[in-house]
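Report on the structure given below.
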Amino acid sequence: MPNTPRIFAIIPAAGQGTRMGDALPKQYLPLAGRPMMFHSLEALAAVGRIDHVIAVLSPLDRHWGAHDWSAFPEKIEALFAGGATRGRSVANALELLETRAQPDDWVLVHDAARPCIAKALVEQFLDEIDDDPVGGLLAMPLADTLKRAEPALMRVAETIPRDGLWRAQTPQMFRYAVLRRALERLPDATDEAQAVEALGQMPRVVQGENANIKVTFAEDLPIAEMILARKGGVPL
Ligand code: C5P
C-alpha cells in the first residue's frame, strides 16, 4: 500500500518588507508581543496533520537567533535559503528538501505576512484539498467594484466586471514534484498557484476568511493586532 503523503509547510520569510518603511524586516515586526512570523508558525505547528514547518529566511538574516522559539515543538526549523523573490525563496527550500520529500508529498506555503490565519481554517483547507488531483489555494470573492485607473491621471479608465474574480490568499498547497517543476519554470510568480497555472493546471479555490489579512503597510499592523486579540479571546 502506498504511504500516505506527508505535509511540509513552508513559510517564506526572507523579504525585506520595504513597503512598511521600517528598517526591521516585516516578518520580525512586533505584533501582539511576538515577532510577526511567530503567529504563522504557531498556527501551522498546531495542526496535527502538518509534519514539518519550515521558515525560509534570508541567508543574511540577523534576527532569527535573537528570538526565543523554544515554545515550538521540534517540527519547526529554519532554512537560511531565501532568494531574490518570494517564488525563489520557496524554490530554494524545495531544492533543499529533495532528499526528504517524496514527489507526492504535499507542500503547503503560507506567508509570514499573514499572521492572523486560524488553525481551524488551515484544517478546513486541508480537508478540501486532501484528495484533489491538482491542489489549491484559499481566496476571497471580490466584494468591491473594480476600477482600472490611468496612473498618470488618477482617473478611472474603466470598470472591470468582478464576476469570477477572487483575491488569492495563502495557504496554497500543491504536490512537491509539481510545485518544484512549476517554480523552476516560473520562479518570479507572485504566488504558487500562478506557477502551477502556467503548467496548464487549474488549482482549486477554497473560500478563505477576511480575517486572514496580508500585512503590507504600517496601517495593517493595528488591524492584525485586533484580529489576533479577538482570536485569543481578549476583549477589544
Ligand atoms: O513582500 P510580500 O508581502 O509580498 O512577501 C510575501 C511573503 O514572501 C513574506 O512572508 C516575505 O517575507 C516573503 N518573501 C520571501 N523572499 C523574498 C520576498 C518575500 O520569502 N525575496
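No experiment lies behind these values; they were computed from the predicted model shown. Note that ligands are numbered from 1 as they come in the structure, with each ligand's atoms numbered from 1 the same way.
- Of the charged side-chain nitrogens involved, at least one lies within less than 4.0 Å of a carboxylate oxygen, so that R180 and E98 count as a salt-bridged pair.
- A donor-acceptor contact shorter than 3.5 Å is absent between the side chain of D61 and the backbone of S58.
- Look at D220 and K26 and you find no salt bridge, because none of the NZ, NE, NH1 or NH2 atoms lies under 4.0 Å from a carboxylate O.
- Under the 4.0 Å criterion applied to side-chain N and carboxylate O atoms, E158 and K147 are not assigned as salt-bridge partners.
- Below 30°, between 30° and 60°, or above 60°: for W69 and W64 the angle between ring planes is below 30°, a parallel geometry.
- Taking only nitrogen or oxygen atoms, main chain and side chain alike, V56 does not reach within less than 3.5 Å of ligand 1.
- Using a cut-off of 4.0 Å between Lys/Arg side-chain N and Asp/Glu carboxylate O, R6 and D51 are scored as not salt-bridged.
- In terms of heavy atoms, N92 sits closest to A81 at ND2-O, 2.8 Å.
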In sequence, state the C-alpha distance, the side-chain angles, and the governing distance for L94 and L183, and then conclude on side-chain contact (heavy atoms from CB on, under 4.5 Å).
CA-CA 9 Å; L94 295 180; L183 287 173; 4.1 Å; yes
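- A heavy-atom separation below 4.0 Å is not found between R114 and ligand 1.
- Using 4.0 Å as the threshold, T216 has no heavy atom nearer than that to any atom of ligand 1.
- Interface atoms of ligand 1 facing A84, defined by a heavy-atom separation under 4.0 Å, are 21 (N).
- With a heavy-atom cut-off of 4.0 Å, R86 touches ligand 1 through backbone and side chain alike.
- Residue A113 approaches ligand 1 through these ligand atoms, each under 4.0 Å from one of its heavy atoms: 10 (O).
- Within the set L57, T85, I10, the minimum heavy-atom distance to atom 17 (C) of ligand 1 is found for T85.
- Taking every heavy atom of A112 and a limit of under 4.0 angstrom, the matching atoms of ligand 1 come to 10 (O).
- Contacts of A14 with ligand 1, taken as heavy-atom pairs under 4.0 Å, involve both backbone and side chain.
- In this structure, K214 is part of the shell of residues with a heavy atom less than 4.0 angstrom from ligand 1.
- In this structure, Y28 and H63 have tilted ring planes: the angle between them lies in the 30° to 60° band.
- Near G83, meaning under 4.0 Å from any of its heavy atoms, are these atoms of ligand 1: 17 (C), 21 (N).
- Near K26, meaning under 4.0 Å from any of its heavy atoms, are these atoms of ligand 1: 2 (P), 3 (O).
- When the heavy atoms of A93, P12, G82 are ranked by distance to atom 13 (C) of ligand 1, first place goes to P12.
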